[in-house]
There are 2 protein chains.
Amino acid sequence: MTGHSTTGHYHHGDLRNALLQAAGKLLREQGIVGFSLRDVARAAGVSHAAPYRHFRDKAALLRALSGLGFEHLHAALTEAAASRRGPEQILIEVTRVYVHTVMQNPGMTRLMFGTVISAEGDAGNAPAASSILEVFLGIIKAGFAVGAFRDRDPRELALVAWSTMHGLAMLAVGEVVDAKYKDMKELDALARTVAENVIYGISRS
Amino acid sequence: MTGHSTTGHYHHGDLRNALLQAAGKLLREQGIVGFSLRDVARAAGVSHAAPYRHFRDKAALLRALSGLGFEHLHAALTEAAASRRGPEQILIEVTRVYVHTVMQNPGMTRLMFGTVISAEGDAGNAPAASSILEVFLGIIKAGFAVGAFRDRDPRELALVAWSTMHGLAMLAVGEVVDAKYKDMKELDALARTVAENVIYGISRS
DNA sequence: ACCTGAACACCGTTCAAGT
DNA sequence: ACCTGAACACCGTTCAAGT
């Protein structure tokens with residue numbers, strides 16, 4: 001995205017971004033368990049002390065990375081919410097996308113929702129999370145507009161919808177759900193079942 | 001439970017258990033982030049190499065600890081499932097207990113469901129998880145017996161119920177849900193709402 | 001059989017010093 | 001302004017050696 005590159009002598013113009021990119025790759029490929037800042041620096045081709053010019057500490061780097069993950073999830077959900085007709089169809093599609101996105105990058109998922117990072121001065125993931133809740137709120141309100149849903153506090157219904165698909169996604173990514181569900185076909189069917197149940201639950205009788 | 005203790009010269013008869021207990025305390029008090037095996041050994045009053053006589057490595061200790069956590073959750077849910085009348089009341093109570101148990105020990109929760117540990121030869125948490133699923137299966141089947149629930153695969157309904165309360169619990173423990181929900185009163189109300197929605201969803205129309 | 005102490009390869013973080 | 005290299009206090013793990 002930066003564009004200009006005439007000098008041939010390498011070395012980063014934007015080390016901060018290079019570090020985040022390297023970190024994302026390591027997180028995806030190796031997971032969060034052995035994730036080390038020194039590895040990130042190595043992958044970016046700088047000394048192990050260099051990242052400290054751009055992030056206060058390892059937690060700050062992870063927080064920034066987590067923020068990128070939330071943005072990605074938010075974008076995927078927003079797109080899924082925009083592309084269909086009725087609120088019921090939307091809920092089914094959003095559930096499927098939620099589970100898929102979460103399963104595609106388990107390390108990122110654990111980073112985002114595992115609270116490996118905590119607030120500590122920074123706002124933590126609260127704002128990112130509330131932007132995700134907005135997506136569900138939008139779906140619920142659209143459902144109200146066409147008289148589809150039970151007359152309840154929309155924030156409650158939004159949280160019900162989110163909880164349900166989040167729970168399925170977490171059980172899947174945590175491998176606590178039976179091995180057979182790791183098959184994506186099965187997971188898709190399960191996502192549909194779960195979404196339908198939410199719909200049954202929140203629809204007017 | 002062991003009973004005899006006449007010799008006054010200390011040093012553990014059962015270091016394995018002492019280590020697990022110390023680890024549990026550290027996990028509860030400090031969380032999983034800075035959790036170190038050397039700290040556990042120190043807390044138990046032995047050298048840092050001593051744990052290796054009882055656990056193959058740090059992951060094995062954590063796996064055993066996680067197993068204890070699953071046992072605790074299983075026992076709490078089983079008790080909640082046994083004490084009430086109709087399946088609807090049971091689901092509400094079980095949801096409340098699930099969320100409470102999870103919130104009472106966030107470090108343990110992250111250990112159990114964060115897949116910090118993976119299988120690696122050992123069976124991982126799959127058996128523990130399936131014993132939890134059994135509890136939900138029992139509730140669903142009891143509901144079938146009195147004609148309360150929709151005619152679906154009981155395993156699906158059980159997973160729907162589990163997913164929903166698990167999702168709420170994870171959002172709560174991950175602090176992604178608004179700060180005001182950290183108040184237990186609010187969380188209790190939320191648990192009830194979520195449980196009611198599951199009931200609406202799985203009940204015969 | 002169970003535990004210790006030294007040893008090794010790693011980490012996160014800091015800081016003087018270089019360009 | 002940005003990066004490096006040495007340094008420090010920690011970790012997980014191994015292994016000879018002690019009782």
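Computed from a prediction, not measured in an experiment: that's the story for all the values here.
In this structure, A:Arg42 atom CZ and D:dC3 atom P are separated by 18 Å, rounded to whole Å. One can place CG of B:Leu19 at 12 Å from C1' of C:dC3, the figure rounded to the nearest angstrom. When rounded to the nearest whole Å, the span between CG of A:Leu37 and C1' of D:dC11 equals 16 Å. Per the geometry, CZ belonging to A:Phe55 stands 16 Å off P belonging to C:dT14, to the nearest Å. In this structure, B:Tyr52 places its OH atom 17 Å from P of D:dA16, rounding to the nearest Å. The NZ atom of B:Lys58 sits 9 Å away from the P atom of D:dC11 (whole-angstrom rounding). Summarising the geometry, the separation between CG on A:Asp57 and P on C:dC11 is reported as 17 Å, rounded to the nearest angstrom. In this entry the distance linking CD of A:Gln30 with P of C:dC10 reads 14 Å, nearest Å.
Listed by first then second residue, pairs satisfying salt bridge (Lys or Arg N to Asp or Glu O under 4.0 Å) with a partner in residues 95-109 of chain A read A:Glu93-A:Arg96, A:Arg96-A:Asp188, not counting sequence neighbours. Applying the salt bridge (Lys or Arg N to Asp or Glu O under 4.0 Å) test to pairs two or more places apart or on separate chains, none has a residue in residues 16-36 of chain B. Residue pairs meeting the side-chain hydrogen bond (donor to acceptor under 3.5 Å, both in side chains) criterion with at least one member in residues 30-42 of chain B, sequence neighbours excluded: B:Asp39-B:Arg42.
Between A:Arg16 and the phosphate of D:dA1, there is no side-chain N or O to OP1/OP2 separation shorter than 4.0 Å.
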Could you give the side-chain donor-acceptor pairs of residues 70-80 of chain B under 3.5 Å, partners two or more places apart or in another chain?
from    : atom 1 : to       : atom 2 : distance (Å)
B:His74 : NE2    : B:Ser131 : O      : 3.4
B:Thr78 : OG1    : B:His74  : O      : 2.7

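In plain terms, the two heavy atoms of A:Leu19 and A:Ala44 that are nearest each other are CD2-CB, 3.8 Å. A:Phe136 and A:Val94 get closest at one heavy-atom pair: CE2-CG1, 3.9 Å.
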Identify all pairs in which a protein N or O lies below 3.5 Å from an N or O of nucleotides 4-8 of chain C, and state each distance.
from  : atom 1 : to      : atom 2 : distance (Å)
C:dT4 : OP2    : B:Ser47 : N      : 2.6
C:dT4 : OP2    : B:Ser47 : OG     : 3.0
C:dA6 : N6     : B:His48 : NE2    : 3.2

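With sequence neighbours excluded, the residues that form a side chain to side chain donor-acceptor pair (under 3.5 Å) with B:Arg192 are B:Glu196. B:Ala23 is linked by a side chain to side chain contact (heavy atoms under 4.5 Å, CB included) to B:Phe35, B:Val40, B:Leu61, B:Leu65, counting only residues two or more places apart in sequence or in another chain. For A:Glu88, there are no salt bridge (Lys or Arg N to Asp or Glu O under 4.0 Å) partners, not counting sequence neighbours.
Stem analysis of DNA chain C (Watson-Crick or G-U pairs, both distances under 3.5 Å, runs of at least three) returns C:4-8 with D:12-16, C:12-16 with D:4-8.
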